[in-house]
Chemist: 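One structure, pasted below without further comment.
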Protein chains: 2
Amino acid sequence: MNDTRQFHLLAGLATGRDARSDDAIYQALWEAIVEHRLSPGARLPEDALAGAFGVSRTTVRRVLQRLALEQLVTLRTHRGAQITSPTPGEARDVFRARRVLEGALLAEVMRYITLEDVQALKQIAEQERHASREQAIRLSARFHTRLMAIAGNASLSDALSQLISRTSLIIAVYGRGQAGCPCEHQTLIELLKAEALAPVQHWMHQHLADIEASLDFTASGDALPDFEHLFGHHREQNVS
Amino acid sequence: MNDTRQFHLLAGLATGRDARSDDAIYQALWEAIVEHRLSPGARLPEDALAGAFGVSRTTVRRVLQRLALEQLVTLRTHRGAQITSPTPGEARDVFRARRVLEGALLAEVMRYITLEDVQALKQIAEQERHASREQAIRLSARFHTRLMAIAGNASLSDALSQLISRTSLIIAVYGRGQAGCPCEHQTLIELLKAEALAPVQHWMHQHLADIEASLDFTASGDALPDFEHLFGHHREQNVS
DNA sequence: TGCCTTGAGATTGTATACAAGCATTTTCCA
DNA sequence: TGGAAAATGCTTGTATACAATCTCAAGGCA
């Protein structure tokens, strides 16, 4: 497939948004990565992106650098950018980090959570059920991010958001078939309402353990672009 | 004082290092910020930095963007970069986050720590005692970073490193006189050798609490450049 | 005298030109 | 025919030019 064509599909989403082209391009790429429309190993030529988004390479480079610092893309000198393929070691790191962070943050979450928060979470969980599989991955990340934002600690929330995004990459490489969160987030909402910390923490630990256990690190530990995803599933995104 | 002159002092450190100018410039600026030679509110004109480091604005911009994503500098459109002045709210956030992260990581540290690690930490602590006050701040950050690296979780270590750097900014704005870590890191080393987790965790909590308690949020919550630091203490850095 | 307006200077935002390095293909030789 | 070396084309790295915007100071008006 033609690169420019492919990235034009992403650009359609970006231009419809606000003025700040940086944020728009970042958002478009972030969503494409998290939704597995751009799979690990995929190359991101600056020219193609610049053309698709209607900006110069300068702007694209800035966005790519940001994504690189968040470890979603990998920059190699004179070889350009490509979607990061996490190694098995990095994958375990990310899950360990998430267990630590989400476990610690949940205590704060339970202290500060309001009815509005529950409503917002319920809405996301509802959208998840009716969304396409690709969008469900993004909404799942959004659910976790929104949940942990309740703790009101921006520093930890930001760090955690990056870990959640990287989890999506890990699932893209090592996942076996099923999507991101196999279990229902709605179950968690019920537990949240009960206002007891222990069951919530237990559920979250189990949740993360389930995801990690569903991974298969034996095969293709390396950076093999997943062309099936890249070429097959991004059609319904053409909404410009 | 002349901006270019000031930044030339930093550049001397950078050029003496390796080829990758990006990393060299980043290191030089990072150290200057953490050592309070560049204080919160100080402006960082691209031209002056480019001239000082002997590169173009393009390279400088890339480094500044990285520092901005790490929240050490603040970028405002058409107004350039300046060293970030953390708000009191952000300061509390950072300390809360550090308590959570360092507390959680210490358990892992105690599991994996080796004699070599202790030696490395002892060496840093020793350097701290003989260093100038500015260098002591940087070495203190280094001590914490090195300690937490023992846990072997790169994701959390990176996040924590950023928090430690930001702590230096917080002390620059809200600190009252005394330097970063008033207490002796050597005390911690003795506790580490004893291989008991509880005392170590208690010490660390107290350590962070002490630092936070020594801050004064009532005065100058805003971005007032600390010209005394900026103009007074950077002379001993001229080693080119 | 004090405040607002206006203009010049300086700084940043974006795009583009050119140089440097990599990848692929083509060609030549065994 | 297979392999290796060279060359061409493409992508990225860096610097610079120009436009847009802000800052600060000078001047005018109430």
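The analysis underlying the following values was restricted to heavy atoms, covering all of them including side chains, and did not include hydrogens, waters or symmetry mates. Letters A, B, ... mirror the listed sequences (proteins, then strands); counts begin at 1.
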Chemist: Name the first nucleotide and the last nucleotide along DNA chain D (5' to 3') that come under 4.0 Å of a heavy atom in chain A.
Modeler: D:dT12 to D:dT14

Chemist: What pairs of residues pass the salt bridge (Lys or Arg N to Asp or Glu O under 4.0 Å) test when at least one of them lies in residues 67-90 of chain B, not counting sequence neighbours?
Modeler: B:R66-B:E70

Chemist: Would you kindly compare A:R79 and B:V55 by the position of their nearest DNA chain D nucleotide and give the one closer to the 5′ end?
Modeler: A:R79

Chemist: For DNA chain C, determine which residues of residues 57-67 of chain A have any heavy atom closer than 4.0 angstrom to one of its atoms, and list them numerically.
Modeler: A:T58, A:T59, A:R62

Chemist: Output yes when A:R37 and A:E31 qualify as a salt bridge under the 4.0 Å nitrogen-oxygen rule, no when they do not.
Modeler: no

Chemist: Donor-acceptor pairs are to be reported for all side-chain atoms of residues 48-58 of chain B against protein atoms at under 3.5 Å, with residues two or more places apart or in another chain.
Modeler:
unit_1	atom_1	unit_2	atom_2	d
B:S56	OG	B:T58	N	3.3
B:R57	NE	B:E46	OE1	2.8
B:R57	NH2	B:E46	OE1	3.0

Chemist: Above 12 or not: heavy atoms from other molecules or residues under 6.0 Å from CD of A:Q123?
Modeler: no

Chemist: Separation of B:R76 atom CZ from C:dT11 atom P, in whole Å?
Modeler: 16 Å

Chemist: List for me each residue that meets side chain to side chain donor-acceptor pair (under 3.5 Å) alongside A:S168, sequence neighbours excluded, and say none if there are none.
Modeler: A:H36

Chemist: B:S155: what forms a side chain to side chain donor-acceptor pair (under 3.5 Å) with it, not counting sequence neighbours?
Modeler: A:R166

Chemist: Taking the side chain as C-beta and beyond, is there a heavy-atom pair between B:L105 and B:L147 under 4.5 Å?
Modeler: no

Chemist: State whether A:E108 and B:R96 are salt-bridged, where the test is any N-O pair (Lys NZ or Arg NE/NH1/NH2 against Asp/Glu carboxylate O) under 4.0 Å.
Modeler: yes

Chemist: Measure from the side-chain heavy atoms of B:E46 and tell me the nearest of C:dC22, C:dT11, C:dG13.
Modeler: C:dG13

